[in-house]
Amino acid sequence: MVLYFSATGNTRYIAEIIAKKLHDEALDLTDRIKRSDHSLIRSKKPFVVCCPIYICEMPVFFSQFLRKLKLAGNRKIYFVFTGGSSYEGTAGWRAGKIAARKHMTYMGCADVVMPRNYVASSHSFSNDEKEIHFLLENAVYESEKIANTIRYSRKLKARHVFIAEKALILPFVPLWVKYMQPSAPFHTTDKCIGCGKCAEVCPINNIEIKDKKPVWIAPCAHCMACICNCPAEAIEFGDITQNKVKYNIRKYLKK
Ligand SMILES: Cc1cc2nc3c(=O)[nH]c(=O)nc-3n(C[C@H](O)[C@H](O)[C@H](O)COP(=O)(O)O)c2cc1C
């Protein structure tokens with residue numbers, strides 16, 4: 001079974017391609033994460049866990065959820081990451097730790113480079129349309145290659161994570177999450193139609209709807225689900241996002 005979390009659609013895209021190739025099911029974990037539902041998931045086929053890379057790591061809320069999630073049936077587990085670059089940092093190491101904790105056989109990990117979705121920083125640059133189309137085409141090829149490896153029960157090549165990387169990344173991530181991902185700059189413009197989609201897609205229930213308008217409550221995962229899934233494009237982050245395209249894979253997939 002292919003399990004995934006995806007804020008702006010990249011990881012869902014990859015998970016669905018892999019599941020299709022494996023004649024397996026792709027299960028979106030967002031609702032379970034929202035409800036802290038760690039109840040048993042059973043699969044005859046190997047588990048394939050797909051998630052985006054955040055700050056050179058697995059998203060913190062996702063790895064915390066996964067550690068507690070009960071998996072039964074097949075004891076093999078693969079991980080597939082999507083990121084805006086091919087550097088997955090310590091995520092592969094984290095995956096191995098989670099597999100060991102579950103007494104499962106870690107079958108390695110792979111990463112697929114996808115369009116960048118992080119818009120809430122003046123230092124982050126989005127891909128242009130041409131790059132996005134190239135990356136999405138390449139992603140199909142990469143995902144099918146990954147699925148073939150899984151189909152033949154071969155291991156995915158997990159890159160060795162050096163001690164220096166762990167020393168740099170692991171203490172840095174919680175600090176970044178705590179101090180560099182504020183909720184306060186998120187706000188709606190008068191385009192807001194009060195549909196509540198933002199609250200629905202927030203994986204950590206960080207948005208409350210009051211008087212038909214969203215209110216962001218700290219802490220925030222900065223996953224970009226709210227701002228990039230808003231049907232009215234009515235959400236901004238301070239004045240950083242005003243002239244930025246809010247990435248969502250839906251805009252680029254053929255109907
Ligand atoms: C908070 C945040 C941090 C990110 N950090 C990284 C990173 O360190 N390295 C990287 O390659 N991509 C990074 N990205 C880009 C996403 O991993 C990438 O766009 C991913 O495919 C998004 O997946 P999704 O559409 O399934 O949510 C980051 C995105 C967000 C929202």
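Positions are given from 1, in the same order as the sequence printed here. Note that ligands are numbered from 1 as they come in the structure, with each ligand's atoms numbered from 1 the same way.
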Ring geometry between F65 and H38 (parallel below 30°, tilted from 30 to 60°, perpendicular above 60°): tilted
Residue pairs, two or more places apart or on separate chains, that pass salt bridge (charged side-chain N to carboxylate O under 4.0 Å, His left out) and touch residues 45-58: E57-R94
Donor-acceptor pair, side chain of S124 and main chain of Y118, under 3.5 angstrom: yes
Listed once per pair and sorted, the salt bridge (charged side-chain N to carboxylate O under 4.0 Å, His left out) pairs that draw on residues 133-162, sequence neighbours left out: E142-K145, R159-E165
Whether Y54 and F5 hold their rings parallel, tilted or perpendicular, with breakpoints at 30° and 60°: perpendicular
Under 4.0 Å from ligand 1, counting heavy atoms only: the protein residues, by chain and number: S6, A7, T8, G9, N10, T11, P52, I53, Y54, I55, C56, T82, G83, G84, S85, M114, P115, R116, N117, Y118, H222, C223, M224
Pairs touching residues 227-248 that satisfy salt bridge (charged side-chain N to carboxylate O under 4.0 Å, His left out), sequence neighbours left out: E233-K251, E236-K246
